Peer 1: 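Take this structure first; my questions come after.
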Amino acid sequence: MFIVFLGPPGVGKGTQSRRLVNELGVPHISTGDMLRRAKAADSPVLAEAVRSMEAGQLVSDEVVLNLVNARLQQPDCSPGALFDGFPRTRVQAEGLDRLLAHRHTPLDLVLELYGDEQELMQRMLRRATVEQRADDQRETIQQRMRVYRQQTEPLVQYYQQRGLLERIDAMGTQDEVFQRIMGAVERHR
Ligand code: AMP
């Protein structure tokens, strides 16, 4: 199964998607993790990407699509994959459609996790204190929320029109949210 996880920063995409990949036995493709790992690499393109991340801006579509394209060619992706934090723009969504069409493995499901924005802000501020993530400072968090609303939220409609979207209430315990996710996955299997 090829699944996309959509949702604003702090909604729990990372935690829930790691649980789901364990359950489904497909790789977890988090472009945020890939970009954070790429930090160490010494290339001007990646240096620019790191600057965008630290400012709470999106990394260029081209960089992200190249990373995903390379990852999808690895053999562990043949049974499917779970995309976490990707796509984030219309260009990326269309790019993903092309990559998957080329492999004859269309997208099966898009899970949109949604929650109260104020609550999500509080969650992220707590996480910033624990993990000391540079991109989780208050202004950056607000910036990331704005970017989500402007650039990523329109994808909800893009996928809804194609009948791929399942909306998941992400407020509740981790177990409750995971049960809702599994319910949606079962309906699309
Ligand atoms: P995440 O861990 O998914 O919240 O991503 C952290 C940061 O990495 C984001 O705020 C962006 O700067 C960058 N990033 C991750 N995924 C993408 C993507 N699909 N497109 C553009 N930028 C991304």
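Basis for what follows: all heavy atoms, side chains included, without hydrogens, waters or symmetry-related copies. Both ligands and their constituent atoms are indexed starting at 1 by order of listing. If you're wondering where the values come from, they're calculated on a predicted model, not measured in any experiment.
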Peer 1: Under a plain distance cut-off of 3.5 Å, with no hydrogens placed, do Gln179 and Asp175 share a side-chain donor-acceptor pair?
Peer 2: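 No, no side-chain donor-acceptor contact under 3.5 Å.
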Peer 1: Who's closest to atom 5 (O) of ligand 1 heavy-atom-wise, of Arg88, Arg144, Met53?
Peer 2: Arg88
Peer 1: Which of the numbered atoms in ligand 1 are under 4.0 angstrom from any heavy atom belonging to Phe86?
Peer 2: 19 (N)
Peer 1: For ligand 1, which atoms sit closer than 4.0 Å to a heavy atom of Gln92?
Peer 2: 18 (C), 19 (N), 20 (N), 21 (C)
Peer 1: Any chance the side chains of Gln143 and Arg146 put a donor and an acceptor closer than 3.5 Å?
Peer 2: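 Present: a donor and an acceptor within the cut-off.
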Peer 1: Working note: Cys77 + Ile29, criterion side chain to side chain contact (heavy atoms under 4.5 Å, CB included); need CA distance, chi angles, decisive distance, verdict.
Peer 2: CA-CA 10 Å; Cys77 292; Ile29 303 186; 4.0 Å; yes
Peer 1: Backbone, side chain, both or neither: what part of Leu35 comes under 4.0 angstrom of ligand 1, heavy atoms only?
Peer 2: side chain
Peer 1: Is the cationic atom of Arg90 (NZ for Lys, CZ for Arg) positioned less than 6.0 Å from the six-membered ring centroid of Tyr158 and within 45 degrees of its normal?
Peer 2: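 Not satisfied by the 6.0 Å and 45° rule.
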Peer 1: If the cut-off is 4.0 Å to any non-hydrogen atom of Gln57, which atoms of ligand 1 fall inside it?
Peer 2: 11 (C), 12 (O)
Peer 1: Flag Asp33 as yes when one of its N or O atoms lies below 3.5 Å from any N or O atom of ligand 1, and as no otherwise.
Peer 2: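 It does not: no N or O of Asp33 is found under 3.5 Å from an N or O of ligand 1.
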Peer 1: Between Val156 and Phe83, is there a shared hydrophobic cluster once you connect ILVMFWY residues whose side-chain heavy atoms come closer than 4.5 Å?
Peer 2: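 Yes; Phe83 is reachable from Val156 via cluster members.
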Peer 1: Using a 4.0 Å heavy-atom cut-off, say whether Lys13 meets ligand 1 through its side chain, its backbone, both or neither.
Peer 2: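 Neither; nothing of Lys13 gets under 4.0 Å from ligand 1.
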Peer 1: Main chain of Ile3, side chain of Asp108: is a donor-acceptor contact present, judged purely on distance under 3.5 Å?
Peer 2: no
Peer 1: So is Arg36 touching ligand 1 or not, going by heavy atoms under 4.0 Å?
Peer 2: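 In this structure, Arg36 qualifies as a contact of ligand 1 - some heavy atom is under 4.0 Å.
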Peer 1: N/O of Gly85 under 3.5 Å from N/O of ligand 1, yes or no?
Peer 2: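 Among all N and O atoms of Gly85, at least one is under 3.5 Å from an N or O of ligand 1.
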Peer 1: Walk me through it: do Val130 and Arg127 pass the test side chain to side chain contact (heavy atoms under 4.5 Å, CB included)?
Peer 2: CA-CA 5 Å; Val130 176; Arg127 187 170 79 184; 5.7 Å; no
Peer 1: Taking non-hydrogen atoms only, is Val64 closer than 4.0 angstrom to ligand 1 via side chain, backbone, both or neither?
Peer 2: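 Near ligand 1, Val64 shows its side chain, while the N, CA, C and O stay back.
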Peer 1: So is Ser52 polar-close to ligand 1, meaning N/O to N/O under 3.5 Å?
Peer 2: no
Peer 1: Hey, is CD on Gln142 packed in by over 12 heavy atoms from elsewhere, all under 6.0 Å?
Peer 2: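 Yes - once you tally the heavy atoms of other residues, nucleotides and ligands closer than 6.0 Å, there are more than 12.
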